K.L.:
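Just passing along the structure, written as structure tokens.
Numbering of residues begins at 1 and proceeds along the displayed sequence. Remember, predicted model here, so these are calculated numbers, not experimental data. The basis for the numbers below is simple: all heavy atoms, side chains too, and nothing from hydrogens, waters or symmetry mates.
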Amino acid sequence: MLKGLLLGEIGGIYVIYSMIRQGHVNDGMEGRALFASGMMGMVTRLVVLVAVLVVAIRSGLNPYTALVGYLIGFVLIVIGMWGMAQNSRRFPGGK
């Protein structure tokens with residue numbers, strides 16, 4: 001069961017990484033280029049989800065635990081980033 005959770009968490013980490021990597025804050029992308037980038041990111045996230053499930057099934061792990069691990073990995077990283085954002089507001093200029 002633990003291996004399935006860890007496998008899912010690796011997939012959840014990739015989702016967060018791809019969301020950060022494909023963020024377009026200051027690069028001036030707009031229109032079709034921004035839409036294409038967003039669609040490419042969504043497709044890669046779905047491919048990773050399918051890959052996590054296929055690896056779980058092929059290795060004899062429970063795919064439901066892999067899905068739960070996927071969700072837990074996603075949630076834990078979002079909570080960590082939220083905590084860092086709250087901390088940076090309390091202590092501006094800190095490292």
K.L.:
Quick one, Val52 with Ile10, criterion side chain to side chain contact (heavy atoms under 4.5 Å, CB included). Give me CA distance, side-chain angles, the key distance, then yes/no.
P.N.:
CA-CA 9 Å; Val52 164; Ile10 290 170; over 6 Å; no
K.L.:
To the nearest 0.5 Å, how far apart are CG in Leu67 and CG in Asn62?
P.N.:
9.0 Å
K.L.:
Give, for atom OH of Tyr70 and atom OG1 of Thr65, the distance between the pair rounded to the nearest 0.5 Å.
P.N.:
15.0 Å
K.L.:
Looking at every heavy atom in both Pro63 and Ala56, which two are closest together, and how far apart are they?
P.N.:
CA-CB, 4.2 Å
K.L.:
Transitively linked via ILVMFWY side-chain contacts under 4.5 Å: Leu46 with Val54?
P.N.:
no
